[in-house]
Amino acid sequence: MFQRFSGNDGSLMNQTIRVRFAPSPTGKLHIGGARTALYNWAFARKNGGSFVLRIEDTDTERSTPENTAQIIRSLRWLGLSWDEGPDAGGSYGPYLQSERTAVYAAVLEQLKARGRVYPCFCTPEELEARREAAQAEKRYSGYDRSCRALSEAEVAERLARGTAHTWRLKLPLDRKTVDFDDLVFGQISVPMEQLDDFILLRTDGTPTYNFVVCVDDAQMRISHVIRGDDHLSNTPKQILVYEAMDTPPPAFAHLSMILGADGKRLSKRHGAASVEDWREEGYLSDALVNYLALLGWSLDGETSIMSRATLTSHFSLARVSRNPAVFDPEKLAWMNQVYLKALGASAFVDAWEPYLVHDGLATAGDIAERRAWFEAVYPLVVERIHTLGEVDEKTAYLFGGGTVALDEESVEKCLEPEGSLAILEAALALLGDEALCWDAEALEATLRTIPELLGLKPRQVFQALRVAVCGNRVSLPLFESMVLLGRDACVERLERAREFAG
RNA sequence: GGCCCGUUCGUCUAGCGGUUGAGGACACCGCCCUCUCAAGGCGGAGGUCACGGGUUCGAAUCCCGUACGGGCUACCA
């Protein structure tokens, strides 16, 4: 699959598009990570390329297989699919960094053979002291390259003696800058004085991030690295690693950070910060994907509701914003309702079921048996909620049979005032008619006669009946609620309410 | 401290030198609808385009400073 695109030098060239999402399994999939994954996926799908999932689990302290499984679950829930990954296989594996140690060792050996790295025997304490001294004198505090000046004999001698050492990258001393053309940020230029011979392999033999990420991206033939802009400053270092490996670097596209309402980087402090959290609160993946797509990217500046298909047919890095974006839960909530309204009754009941079961309102068996009843609730409740998590609270009064919990304040305001008893009696009399058809239209037509009969305002009548039947002065539409409750339950509730009525 | 990056209504954004008296969306306000709450319809308020200099006939758009914010500056990723 070949695509023409503009290369770093501005020329057009043919290249297979391959992108990757490389999360570290140290926790759940975060909103920021989800957006990075989404943009990578959209870019790959739009350009007919491949999307690779690679797990960066080298931090054995914090990485767990559970987190990896959880991240994969979240990505799938979001509707993203990858062509290669730990679970999907592929010809550039393994896709777990913890299984790639031999690859890193081999590349390091090549770099040694080509004289692009050198051992450093400086201890952390020495480095720390020198760094502090440099900072005190306001000099660049990077490594002073002292071990780079060691003679071959001395190096051989220390190595033979088994002296603890790291391996550092030998930066070219004759360059002035490292330049690259970021697909989002544009031309970036960093002076070489700001870069030092950073460590590729630690004393304990483990490779560092800036090394492994290059090895992996190079070996996996990644064409475009799309990631958070916290890596923008690391990019020059990585370009130097590519040069040492004698491999052309991929194109880079950095995504600005997602912030909380306080302007700080989005985190748990801001409430739900992981995809899993939002799912549990009752957000639809379609809504989350749509919202995330627009957080830092726009189709045309006008469109706000769009499907994954639109995303994958129109996504473009050129339209990715450089400014950090503040995550706005209110807009997500609005968008979620838009998607809930488009869901349809059947899909809604499926999505609602876990909440019903969890809150003890119904069992899976009840739902299967009275499917139509649950589906009838949908059009009433959907325009009054933003998340699935709110549905049970809004509909709980429909489940009590002949009894309902009466809201104290509602009773006080709508049931206790004089005239309520007469309203209840009138309603009971009218509903006692066995011939009355128990549907919303008939109920409304019948009960509409009460205001005139008693000389009361419709509002007063219906609010009294609402509190008697629904237990609260705020509820789903009264007549439809009565239909869902059934005649017996309604009559019983009206009778019970009489003792509170004025 | 040094280096890199960013800065358009409260928020997400459109805008890539003139058709912009800066457009859309969320939130907000009002009206209509109405059995409550919503939803919906209509309308409104809200931006001296961070600030200061330039370049230009003309700048939100290009250049340079300043301020503010973020990132990197680790034997973290």
Side-chain angles (χ1 to χ4, degrees), chain A residues 22-24 26 56 58-59 61-63 97 120 122-124 127-128 131 134-142 164-168 182 185-186 188-191 193-196 198-204 206-210 212-213 228-237 254 256-257 259 261 263-265 291 294-305 318-319 321-335 337 341 380-385 394 410 414 444 447-448 451 457-467 470 472-479:
Chain A
S24 200
T26 55
E56 308 211 327
T58 45
D59 183 347
E61 297 279 300
R62 298 184 298 153
S63 298
Q97 273 186 345
C120 170
C122 300
T123 65
L127 294 171
E128 175 78 33
R131 184 162 44 238
Q135 262 160 5
E137 291 172 43
K138 295 183 177 173
R139 296 196 328 266
Y140 174 59
S141 58
H165 62 281
T166 60
W167 285 87
R168 289 181 181 271
D182 189 274
F185 284 90
I188 308 277
S189 180
V190 177
E193 305 90 70
Q194 291 300 316
L195 273 8
D196 68 354
F198 56 95
I199 293 170
L200 262 33
L201 197 78
R202 300 186 187 96
T203 307
D204 66 3
T206 60
T208 59
Y209 167 76
N210 280 315
V212 299
V213 74
D229 81 350
D230 45 338
H231 290 297
L232 194 58
S233 300
N234 282 323
T235 306
K237 297 181 198 173
H254 288 90
S256 59
M257 221 101 276
L259 311 175
K264 303 284 183 202
R265 190 178 172 150
Y291 180 72
L294 256 17
L295 199 62
W297 175 81
S298 67
L299 210 192
D300 53 16
E302 308 281 305
T303 312
S304 48
I305 300 298
R319 292 191 66 86
S321 170
R322 282 160 292 279
N323 327 355
V326 175
F327 188 88
D328 180 8
E330 280 194 287
K331 189 159 183 174
L332 207 208
W334 164 78
M335 204 171 263
Q337 187 185 47
K341 285 196 276 194
L380 304 178
V381 79
V382 73
E383 57 193 34
R384 293 172 171 80
I385 45 126
K394 287 267 192 276
S410 296
C414 305
E444 175 160 12
L447 296 173
R448 279 263 174 221
K457 288 192 184 302
R459 182 189 171 96
Q460 188 189 343
V461 171
F462 295 123
Q463 282 301 78
L465 292 178
R466 182 189 309 284
V467 173
C470 307
N472 198 295
R473 63 191 190 285
V474 175
S475 76
L476 303 188
L478 178 59
F479 311 115

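Naming convention: chains lettered A, B, ... in sequence-line order (proteins, then strands); numbering from 1 in each chain. Fair warning: this is a prediction, and the values are worked out from it, not measured in the lab. Side chains are part of it too, since the values below use all heavy atoms of this structure and drop only hydrogens, waters and symmetry mates.
B/G46 and B/C26 have their C1' atoms separated by 14 Å, with the value rounded to a whole Å. The same atom, P, is picked in B/G53 and in B/C72; the two are 35 Å apart, to the nearest Å. Comparing B/U55 with B/U8, their C1' atoms are spaced 22 Å from each other, to the whole Å. Here the separation of B/A77 from B/C63, taken at their P atoms, is 37 Å to the nearest Å. Comparing B/C49 with B/G23, their C1' atoms are spaced 13 Å from each other, to the whole Å. With P as the reference atom, B/A14 and B/C33 are 39 Å apart, rounded to whole Å. The separation of B/U73 from B/G65, taken at their C1' atoms, amounts to 25 Å, rounded to a whole angstrom.
With sequence neighbours left out, the ring-ring contact (aromatic ring centres under 6.0 Å, His included) criterion links A/His165 to A/Phe121, A/Trp167. Residues meeting the salt bridge (Lys or Arg N to Asp or Glu O under 4.0 Å) test with A/Asp59, sequence neighbours left out: A/Arg62. For A/Glu137, the salt bridge (Lys or Arg N to Asp or Glu O under 4.0 Å) partners two or more places apart in sequence, or in a different chain, are A/Arg139. With sequence neighbours excluded, no residue satisfies ring-ring contact (aromatic ring centres under 6.0 Å, His included) with A/Phe198. Evaluation of the ring-ring contact (aromatic ring centres under 6.0 Å, His included) rule for A/Tyr209 yields A/His231 as partners, not counting sequence neighbours. Partners of A/Phe327 under the ring-ring contact (aromatic ring centres under 6.0 Å, His included) rule, at least two apart in sequence or in another chain, are A/Trp278, A/Tyr291. Among residues two or more places apart in sequence or in another chain, the side-chain hydrogen bond (donor to acceptor under 3.5 Å, both in side chains) test is passed with A/Glu128 by A/Arg131. Scanning for salt bridge (Lys or Arg N to Asp or Glu O under 4.0 Å) contacts around A/Arg322 gives an empty result, with sequence neighbours left out. For A/Arg168, there are no salt bridge (Lys or Arg N to Asp or Glu O under 4.0 Å) partners at least two apart in sequence or on another chain.
Ranking B/U13, B/C35, B/G6 by closeness to the A/Gln463 side chain, first place goes to B/C35. Comparing B/C3, B/C75, B/C35 by their nearest atom to the side chain of A/Arg448 picks out B/C35. The nucleotide whose nearest atom lies closest to any side-chain atom of A/Val326 is, among B/U8, B/U13, B/U11, B/U11. Checking B/A77, B/A38, B/C12 against every side-chain atom of A/Leu295, the shortest atom distance belongs to B/C12. Set against B/U36, B/A77, B/U13, the side chain of A/Ala325 has B/U13 as its closest nucleotide. Side-chain proximity of A/Phe462 to the nucleotides B/C35, B/U8, B/C4 is greatest for B/C35.
The base of B/C35 has none of its N or O atoms less than 3.5 Å from a complementary donor or acceptor on the side chain of A/Arg459. Within 3.5 Å, a donor on the side chain of A/Lys331 pairs with an acceptor on the base of B/A25, or the reverse.
Residue whose closest nucleotide on RNA chain B sits further toward the 5' end, between A/Asp300 and A/Phe185: A/Phe185. Comparing A/Leu478 and A/Arg319, the nucleotide of RNA chain B nearest to each residue sits closer to the 5' end for A/Arg319.
Proximity of A/Arg473 to the phosphate of B/C37: no side-chain N or O atom is located under 4.0 Å from OP1 or OP2. Between A/Thr203 and B/C75 there is no side-chain polar atom (N or O) within less than 4.0 angstrom of OP1 or OP2. Residue A/Arg322 has no polar side-chain atom (N or O) positioned under 4.0 Å from OP1 or OP2 of B/C4.
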Going 5' to 3' through nucleotides 61-66 of chain B, assign each nucleotide B (protein heavy atom under 4.0 Å from a base atom), S (under 4.0 Å only from sugar-phosphate atoms) or - (no protein heavy atom that close). ------
In the 5'-to-3' direction, what one-character label does each nucleotide of nucleotides 40-50 of chain B receive under the scheme B = base within less than 4.0 Å of a protein heavy atom, S = sugar-phosphate only, - = no such atom? S----------
Taking only nitrogen or oxygen atoms into account, show me every contact under 3.5 Å that the protein makes with nucleotides 68-72 of chain B, one pair per line with its distance.
from: B/G70; atom 1: OP1; to: A/Lys264; atom 2: NZ; distance (Å): 3.3
from: B/G71; atom 1: O2'; to: A/Asp230; atom 2: O; distance (Å): 3.3
from: B/G71; atom 1: N2; to: A/Ser233; atom 2: OG; distance (Å): 3.3
from: B/C72; atom 1: O4'; to: A/Ser233; atom 2: OG; distance (Å): 3.4

